[in-house]
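Written out below as structure tokens is the structure these notes cover.
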Amino acid sequence: MTIKLTTKPLSTPLSRRNLLKAGAATAAGLAAPSFFVRNAWAAGKTMQIGIWGGVQGEFIRKQVLPSFEKEFDCKVDAQQGSTLGQIALLRAGKDAPKFTVMFVDDLGVEIAKREGLIDPLPRDKMPNLAKVYPRFIYNDGYGVALAISSAGLFYNPQATKPLESYAELWDPRFARKVSLVGTKTTPSVFTVIIAAAIATGKPYKEAQYLADQAWPKLKELKPNVLNLYSTDDAPLLVAQGQGAIGGPEYSKYVYPYKLKGASIDMCFPKEGAFTGVNCQILVKNAPNADLGAEFMNRMLDPAIQQGLAETALAAPAVSGLSFKPEIAGLLAYPESKMDELGLFSPDWAYVNSVRSSWIENLNQIFTA
Amino acid sequence: MFFIAVFVIPVGLMVRYSFLQQLPDGTLTGNFTLANYIRLGAVDLYRNVVVTTLRISLFTTLGAMLLAYPLALVIARGPAMIGRAITVLVIAPLLVNVVVRAYGWRIILGNGNSGVLNWALSYLGLGPVEILYTEWAVIIGSMQVFLPMMVLPLAAAIGRIDPAVEDAARTLGGSSLAVFRRVTLPLSVPGLGVGCTLVFSLTASSFILPALLGGSFTKMLGTLVEEQILTVFDWPFGAAIATAMVLIVMAINLAYMALIERRFRSRAMEAA
Amino acid sequence: MSENGLGRAAPLIYTLTGLIVLFLLLPLIFPIVLSISDTPFITFPPKGFTLQWYGKVLQDADFTSSFGFSVLLSTTAACGAVLLGTPTAVGLVRLSFPGKGFIQALVLSPLIFPSLVTGIALLRLFSSIGSNDAFLNLWIGHVLVTTPYVVRTVSASLVVVDPGLEEAARTLGAGRFTAFWRITRPQIMPGLVAGALFAFVTSFDNYAVSMWLFDASHVPLPMMMLSLISRMFDPGIAAIASLMIFFSLFMVLLLERLAGLRRAMSF
């Protein structure tokens with residue numbers, strides 16, 4: 001927030017809502033061009049938000065922000081980062097919040113709410129929330145989905161057939177051929193749940209609480225594991241023959257390679273696919289919270305949702321969109337198809353609380 | 001000396017963190033606790049990681065030491081043009097991002113036929129080797145990345161040795177090896193000390209190289225710190241690992257510097 | 001003095017040197033080789049020849065602006081580190097006071113201290129004192145992690161400087177600063193140059209501190225690289241790597257040309 005904002009006189013036409021704004025001392029700007037009177041309350045403001053990197057971040061910066069900034073005559077600084085990195089930033093800046101809106105994955109909504117880093121979404125200022133499938137509003141209205149990716153295995157079609165069941169990963173034909181996701185990113189949680197499900201024969205829903213039975217099973221997997229990857233280009237390495245199969249990983253990191261012609265595809269074994277849900281949250285005591293609400297509403301606009309989905313090949317959160325067949329085939333959309341795929345979201349409140357010990361266990365198993 | 005304050009604040013904050021406990025809602029309690037350190041000692045995973053870290057750092061330092069001497073000698077003693085060229089070639093890689101260099105190594109060491117090394121070996125009719133995702137890959141990568149940090153101080157130290165001393169020793173009939181061992185080596189010890197501390201410390205705390213080249217099989221302390229801070233969010237525990245790492249690395253640095261200096265100072269005396 | 005100063009072992013040393021330099025350059029050669037590959041992905045061996053990736057990268061405004069920003073940040077940080085580190089090194093080497101060893105260890109600790117942790121500590125500090133100027137915050141952070149290099153290299157070259165000379169100059173009427181500037185500075189020049197270079201390089205490559213302190217309009221290069229890696233699948237990424245390599249070669253050659261790197265380090 002620059003000094004000039006707080007010293008600007010209040011000379012723009014004021015509605016009742018704007019008067020409230022004025023009371024909040026983050027005042028409207030004198031310099032606001034008159035033809036933007038409707039949004040003059042936001043003129044000249046600078047808002048800091050945190051968004052994702054990758055193609056999604058690119059889309060937001062190039063396709064969403066410029067028109068938003070123009071319409072509200074404001075500036076939006078969008079800092080790119082990963083879910084856990086963004087939460088860490090919120091945490092470190094808890095005493096004097098700098099950010100207004102953060103994009104995080106569903107597990108991050110749970111952490112941020114638990115740690116008191118966020119406020120509930122302002123429903124009355126976000127009419128587009130009505131279009132969102134109810135299942136994608138999280139933690140009692142503290143977070144809402146923007147894009148839904150499904151997680152499964154990626155494989156090199158020249159090296160193997162798609163797997164019917166995750167149990168095949170333990171097959172000796174995959175000796176040193178499995179590129180397993182590293183402990184740094186969220187899908188490593190799925191690894192544990194898969195192993196528990198295979199060991200116990202129970203569905204994910206129950207298996208996620210039975211991690212103790214996953215450890216011996218994962219130990220048996222070790223001879224098949226080539227590496228634990230920690231970079232986004234892991235699918236490309238498998239496509240080039242470094243390993244035959246890898247994951248679990250979100251589709252949004254795999255399909256862009258497939259569309260460009262790499263020898264890679266995804267399979268979702270019968271135990272079920274996991275969801276990775278990209279959400280947005282409103283920072284607690286955020287500066288420019290109203291502008292933040294407008295922005296979050298814009299992100300749920302059907303046109304933006306369509307564009308975001310087509311860019312990232314991840315399903316949108318709002319209902320009533322339709323896609324070209326070649327893209328539709330890669331999306332878990334609409335809602336009926338999500339149910340078909342058996343999309344599963346872990347109980348993050350539980351998983352987040354045990355994640356530290358899960359990582360410790362994974363490290364113990366896979367560190368030579 | 002009030003500059004010291006600038007260093008003390010962050011380090012102090014960090015050490016304080018390491019004695020705190022974190023509640024589930026992410027707040028830190030003000031109570032002093034040793035729990036983080038006890039956990040560090042009690043779980044065998046962390047002991048293993050310490051051993052791995054030290055082993056990798058030690059091999060890297062030794063390797064860099066061996067590789068650095070010829071370069072430093074040429075820079076300091078070779079003909080001007082060659083010395084200059086080598087200096088440029090040694091410094092240039094330093095400016096290249098570590099991630100980029102790690103990617104380079106990954107291309108070279110890649111397992112299977114997509115790796116340059118294996119591709120070359122198969123031409124020679126030699127079997128494929130699996131280096132990537134092992135400790136060796138981390139050592140090779142670290143050696144390349146940190147070698148300049150060893151060469152430059154070493155070259156500076158050798159440059160300060162009066163060539164007349166070496167010539168005198170040669171005139172007295174010493175073989176090249178003997179001259180090197182009894183004159184050049186002992187007199188270059190200050191530079192060697194700097195180089196060793198830099199290389200050892202940097203290797204021990206790196207986290208990008210082990211992640212990219214070690215394939216996460218090779219966990220090092222730096223990786224663990226990163227994981228605790230960025231993935232698990234247990235900052236106090238991360239701080240405890242970091243503090244322990246600093247203490248261990250510092251102790252080792254001091255110990256071997258003392259060792260090297262005592263050993264070679266006495267030689268230098270002899271030689272003089 | 002023998003002709004090349006290396007004695008009879010010269011051929012052996014040259015051979016070794018050649019091999020080692022090759023080892024140093026190896027991981028830098030391959031990105032260049034791959035960057036001209038006319039394939040939609042990075043593949044080895046490369047196929048075809050194209051310069052399109054360079055064009056693409058050079059038109060990427062994100063890349064060019066963060067490149068410029070990094071050069072600025074690292075240069076100023078290196079200057080700060082030299083200004084801060086040199087007096088510290090002089091104090092540490094020249095003065096004797098209780099707890100000197102401890103202070104010495106402390107000053108060097110950021111070198112080993114995972115800068116990830118230093119980064120958080122700084123972010124919390126800046127956030128609690130309300131310092132929101134990203135450039136200033138980054139600068140302080142970078143000076144902090146780079147100063148130890150200067151302290152270390154300057155100390156090493158100070159150890160062999162005879163303090164008697166400076167005292168002699170002062171007896172002859174030179175002020176404290178003049179004596180340092182005229183007598184000691186030229187002698188520790190190699191250490192200074194090496195320290196400044198290390199500082200620049202470390203700052204230029206720093207990720208762990210920057211990731212906590214950057215904001216959307218101040219993105220240092222390593223952060224940008226990581227974000228590019230995750231959205232660029234083609235050999236453009238190798239082109240970026242190659243550009244960095246060419247840039248560093250150019251910088252070093254320039255430095256050599258202007259200051260005479262080897263002479264500055266008094267080899």
Side-chain angles (χ1 to χ4, degrees), chain B residues 1 3-4 6-7 10-11 13-14 67 70-71 73-79 83-84 86-101 104-105 107-108 114 116 144 147 152-153 155-156 159-160 163 167 170 176 179 190 194 201 205 222 225-226 229 238-239 242 246 249-250, chain C residues 1-2 4-9 13 16-17 20-21 23-28 30-31 44 84 88 91 103 105-107 109-114 116-118 120-122 125 144 152-153 156-157 159-160 190 194 201 204-205 222 225 241 244-245 248-249 251-253 256 261-262 265-267:
Chain B
M1 295 306 292
F3 297 123
I4 296 295
V6 188
F7 296 109
V11 176
L13 272 176
M14 210 57 260
L67 298 187
L71 293 187
L73 278 172
V74 172
I75 291 175
R77 290 273 182 269
R84 274 161 74 170
I86 301 285
T87 313
V88 169
L89 290 177
V90 166
I91 292 175
L94 264 181
L95 289 167
V96 180
N97 195 289
V98 171
V99 178
V100 171
R101 285 190 272 171
W105 278 117
I107 297 166
I108 295 168
S114 58
V116 176
Q144 191 266 342
L147 182 59
L152 295 178
R160 276 194 300 267
D167 282 338
R170 245 177 245 132
S176 292
V179 173
V194 177
S201 313
S205 65
V225 173
E226 190 210 4
I229 286 175
V246 173
V249 171
M250 244 183 205
Chain C
M1 186 173 164
S2 57
N4 56 20
L6 288 172
R8 282 183 297 269
I13 294 177
L16 283 174
T17 302
I20 297 166
V21 167
F23 167 74
L24 267 175
L25 298 184
L26 214 51
L28 307 186
F30 286 99
F44 186 87
L84 201 69
T88 311
I103 301 275
L106 203 63
V107 172
S109 62
L111 210 79
I112 344 166
F113 224 84
L116 209 59
V117 182
T118 319
I120 300 188
L122 283 173
L125 190 73
L144 191 75
R152 196 72 188 88
T153 53
S157 51
V159 174
V160 293
V201 164
F204 201 64
D205 204 17
M225 297 272 302
M244 303 256 321
I245 293 163
S248 58
L249 254 177
M251 279 279 290
V252 174
L253 284 172
E256 157 73 22
L261 218 49
R262 187 166 175 265
M265 297 190 177
S266 84
F267 301 149

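Only this structure's heavy atoms are used, side chains among them; waters, hydrogens and symmetry mates stay out. In the text below, chain A, chain B and the rest are named by the order of the sequence lines, each starting its count at 1.
Residue Leu24(C) holds its CG atom at 11.5 Å from CD1 of Ile91(B), rounded to the nearest 0.5 Å.
Counting heavy atoms from C-beta on, the side chains of Leu26(C) and Val116(B) never come closer than 4.5 Å.
Looking at Ile108(B), the atoms closer than 4.5 Å to chain C (heavy atoms on both sides) all sit in the side chain, from C-beta outward.
Listed by chain and residue number, Met143(B), Leu147(B), Ile20(C), Phe23(C) satisfy the side chain to side chain contact (heavy atoms under 4.5 Å, CB included) test with Leu67(B) (two or more places apart in sequence, or in another chain). Every residue two or more places apart in sequence or in another chain that forms a side chain to side chain contact (heavy atoms under 4.5 Å, CB included) with Leu25(C) is listed here: Leu89(B), Pro93(B), Val21(C), Leu28(C), Ile29(C).
Smallest separation of non-hydrogen atoms from Arg101(B) and Pro27(C): O-CB, 3.8 Å.
Of all the listed residues (Ala92(B), Gly238(B), Gly104(B)), the one sharing the greatest number of non-hydrogen pairs under 4.5 Å with chain C is Ala92(B).
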